[in-house]
2 protein chains.
Amino acid sequence: MPSIQIYDTTLRDGAQKEGISFSVVDKLNIARKLDELGIQFIEGGWPGSNPKDIEFFEKARTLDLVNATLVAFGSTRKAEGEVETDPNIMALTNAGVKAVTIVGKSSAPQATRVLETTLEENLNMIADSVRYLKEKGLTVFFDAEHFFDGFKADASYALRTLEVATEAGADCLVLCDTNGGSLPDEITPAVKAARKLGKVSIGIHTHNDAELAVANTLAAVRAGVSHVQGTINGYGERCGNANLCSIIPTLQLKMGYDCLSEAQLGKLTEASHYISEAANLVPDSSLPYVGASAFGHKAGLHVSGLQRWSGSYQHIDPVKVGNQLRVLVSELSGRSNIIYRAKEMGFDFPPDGQEARRLLEQVKLLESRGFQYDHAEASFELLLRRAKPDYQPPFELVDFMVVVEKRRRPPTHENSEGMLSEAMVKVRVSAEVVHTVAEGNGPVNALDRALRKALLQFYPNLAPIKLMDYKVRILEESTGTESQVRVLIESSDGVDDWRTVGSSTNIIEASWLALADSLEYWLVKHRP
Amino acid sequence: MPSIQIYDTTLRDGAQKEGISFSVVDKLNIARKLDELGIQFIEGGWPGSNPKDIEFFEKARTLDLVNATLVAFGSTRKAEGEVETDPNIMALTNAGVKAVTIVGKSSAPQATRVLETTLEENLNMIADSVRYLKEKGLTVFFDAEHFFDGFKADASYALRTLEVATEAGADCLVLCDTNGGSLPDEITPAVKAARKLGKVSIGIHTHNDAELAVANTLAAVRAGVSHVQGTINGYGERCGNANLCSIIPTLQLKMGYDCLSEAQLGKLTEASHYISEAANLVPDSSLPYVGASAFGHKAGLHVSGLQRWSGSYQHIDPVKVGNQLRVLVSELSGRSNIIYRAKEMGFDFPPDGQEARRLLEQVKLLESRGFQYDHAEASFELLLRRAKPDYQPPFELVDFMVVVEKRRRPPTHENSEGMLSEAMVKVRVSAEVVHTVAEGNGPVNALDRALRKALLQFYPNLAPIKLMDYKVRILEESTGTESQVRVLIESSDGVDDWRTVGSSTNIIEASWLALADSLEYWLVKHRP
């Protein structure tokens, strides 16, 4: 199989995404992860643009990468005749790397209107910079900025910039769709024209401003490029860069190219999640191949289809990219989803289907009241357990009362002082009734604390359980403050995590239901 | 310019996205918004699959759509010889619509392995269902499920299903990439083969499992389809459907096709945000064309480039899709924003800029505490008014207390009985202090009622004011029930509507702040 070189720029172009701010330690960890995934080139940063990236390249010397070569990024020299004293170029030669990427303008109007220089001097900037870095013994990638827009505006000048870089010794010419607005139809002829220039290898670097970054990359590969640049999860400025998590499996599983080993491809989902964690971004569940929903099925028709033929509603086997099939339970789903999920949890239904049908009706009824089980598998499991006549709950609520007070203060937006939230909870455990009270930072927090305080007397091993996430959704928004409210809670004991749901027109009750389910679920799972 | 018919399935296929659960009211509002945007066909739901969709089609009869035709979705008949008594088909003819979409299998292995029927009977199911619905005088779209995978497996059978639907009178054959794994190279020849069959119009329906839904749709248009199905924001099962917010502007601005009027296209960003709000999903800022970051630029090279040439770093003029250039907030651009917004509201600041700077500091402080004024212009206006030394608020809070009780009931998910919510509010109006109490359906509703009860004694013209919308967002999700909470409220007096914001770690206080702002704003605007 022909192979395609993968070049990751998550640490440089990806870090331009609004909201991302990697520390040096994050960057080192991500580089390690990318190396483990089998990426060939990792662009670590732009040492000429900020001190954090200089520090990264210093510390990266001890990284001991197995598969990857680290690359430093920079722009062409500025003042004529001063290549070796150009601060940007010096930062590259001082970065301690074997490969560098140098960006230059490939568009005539960009050179004259934005760089405000002559077309000739722009060519000299490219030639001088590439030649100097080659003399220093470095592998040099030339990023042809605005190549595709430049090709439309003045094709011969755009190609001339590539020739100049080639003559100066560049190892690879990377054609950039910098503004991200090109169509696949425009990519193909421009890549073919570039390939005609000579034998030097051609690369592609696209942005997603028309939601075509992946398609444009694949079109470029079809047209003969052998080097692909992108980022994990498609992170990047504006609408993002080409998403390697989509490109790599498509090239490998659908188009017959070689990028990673099978075992490495199996780590793709893990790498995607790892990097979204490092970026402190909630993983996008709808990401192709690697998202939590990518192989999730809600419709009953689809689930019963999948049971007959695993290829019926999924385009690849999710295991190949380290992901998995997920069956969701909702009002849109049929009996087969319920039976499937129940089986996964170790529950068997009598074959007549009566019990499953009853449970489906119950799910539909509860969903019409605002519960939603596709994200709350722990509440769903409790629903199954409670349907059994011999189910013994580990605790039962007798009653609760929550008081929220605001005293002696004119209405101001400036602080939350003067607020008091207190919850009184009475629960029964076996034959004993315990009555506790706790204050909290808001009424739900007070309720949470009071319930734990009550239960810890009986179940001290509950102590490490933490609420990781608390979400509120208003369901019927047009009815104002009388709306139905759904609360979703994610909990963790440090090893596992689980999700529960509560719904009511009363936010306190909805929160109570989700809180109580969270603790009940854990207690049931860890019964001696 | 050749025109392309746009068919939106946000309300049916889009609603399959994990986490989306539209109410009937949401669906009606979204249909209105899509109509306003100029969408030609709106698929409202699958009345044969759930009661919510039956209710939607009943209520939709009074929608008075101007541009759009409402479509009901269903599957082909099941038992032989029983078309008119098939529940799915009956639900379609009872939906009160002029157009229906009927889905049938176009893949031989899907028919035999999943539907578990013969190839011949599958053709009969398609023919019988289409013919019957045509006899009822309906426009019939035939969704050829799994067409592209079917074309790969057995091209002549896949084409045969299209012929059968055509012979039975289908008005449009919609080729579906149901599993979303096809490549543009595979779409083109299959569409061309389908076009050779006859004169009936061909449509395309793609999914995004390989991040190619938009590219596959565009490839199909290039190959001759005249009807495009997709969803707003690309919502949909697994990795989503083809994103109309990317497809429409690309077809229109880059490929020369006609879809919407210029004025309608200018509402695209607004429609995208409206529908993400209705879905209660945080708008994805990196969405092409319509995302908040789509034309966002960090200070530096790109910003100075843009000042020299607006086309230097953006692929289209954002105004065309109702979006805008965003230069990431510097202290200076922040101040000019505030001055601009204040001027719009009729406030003038002294030219020395002191007052504007103070206000900017205050906004920054409040935003760091979770307030957000982009969508809460009424709270922003109150902020401006309160900054004036002579501001007289129409009422002031002295204190409040809210009690929520749940009594004598084991924890159950089945109803909200046994809940009591009561709010006691003390407010000062001029020199008078009034102390009221009210019960409500939840603590916020109780607070709302008590406050109105107190104020109505002084301001009886407050009576028609209604809360239209109440939204809750948890800001720091990882800190569990102690999280910062933001409440956004939309109010209306039947003529105007306005939005206010409150933020606190205490949801009751956050709600109070937004509620109080809502009434204070109206009273200030309507002072005699």
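All figures in this text were calculated on a predicted structure; none of them were measured in a lab. As a basis for the values below, the full set of heavy atoms in this structure was taken, side chains included, without hydrogen atoms, waters or symmetry mates.
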Looking at [options], which one has more heavy-atom pairs under 4.5 Å with chain B than the rest?
{"options": "A:Lys254, A:His207, A:Glu186, A:Arg428", "answer": "A:Lys254"}
{"options": "A:Asn243, A:Leu287, A:Val427, A:Leu382", "answer": "A:Asn243"}
{"options": "A:Thr250, A:Ile508, A:Leu115", "answer": "A:Ile508"}

If we define contacts as heavy-atom pairs under 4.5 Å, which of [options] has the most with chain A?
{"options": "B:Ser285, B:Ser286, B:Pro249, B:Cys245", "answer": "B:Ser286"}
{"options": "B:Ala215, B:Pro288, B:Gly236, B:Pro51", "answer": "B:Pro288"}
{"options": "B:Asn216, B:Val487, B:Asp284, B:Val404", "answer": "B:Val404"}
{"options": "B:Val214, B:Val403, B:Val114, B:Asp209", "answer": "B:Asp209"}

Please look at [X] and chain B and tell me whether the side chain, the backbone, both or neither of the residue comes under 4.5 angstrom of a heavy atom of that chain.
{"X": "A:Pro109", "value": "both"}
{"X": "A:Arg222", "value": "side chain"}
{"X": "A:Leu218", "value": "side chain"}
{"X": "A:Leu183", "value": "side chain"}

Which atom names give the shortest non-hydrogen contact between B:His315 and A:Asn179, and what distance separates them?
->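 Shortest heavy-atom contact: CB-O, 3.8 Å.
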For B:Ala210 and A:Ser246, work out which heavy atoms get closest and say how close.
->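 Looking at all heavy atoms of both residues, the closest pair is O-CB, 4.4 Å.
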Non-hydrogen atoms of chain A under 4.5 Å away: do they reach the side chain of [X], the backbone, both or neither?
{"X": "B:Lys17", "answer": "both"}
{"X": "B:Met424", "answer": "neither"}
{"X": "B:Ile247", "answer": "neither"}
{"X": "B:Leu212", "answer": "side chain"}
{"X": "B:Asp185", "answer": "side chain"}

[Y] and [X], any side-chain heavy atoms less than 4.5 Å apart:
{"X": "B:Glu405", "Y": "A:Asp399", "value": "no"}
{"X": "B:Arg238", "Y": "A:His297", "value": "yes"}
{"X": "A:Met419", "Y": "B:Ser504", "value": "no"}

Identified side chain to side chain contact (heavy atoms under 4.5 Å, CB included) counterpart of A:Arg308 within the set B:Arg113, B:Gln110, B:Glu116 = B:Glu116
How many angstroms lie between [atom1] in [X] and [atom2] in [Y], if you round to the nearest 0.5 Å?
{"X": "B:Ser293", "Y": "A:Gln16", "atom1": "OG", "atom2": "CD", "result": "12.5 Å"}
{"X": "B:His146", "Y": "A:Ser312", "atom1": "NE2", "atom2": "OG", "result": "6.5 Å"}
{"X": "A:Asn445", "Y": "B:Asn506", "atom1": "CG", "atom2": "CG", "result": "9.5 Å"}

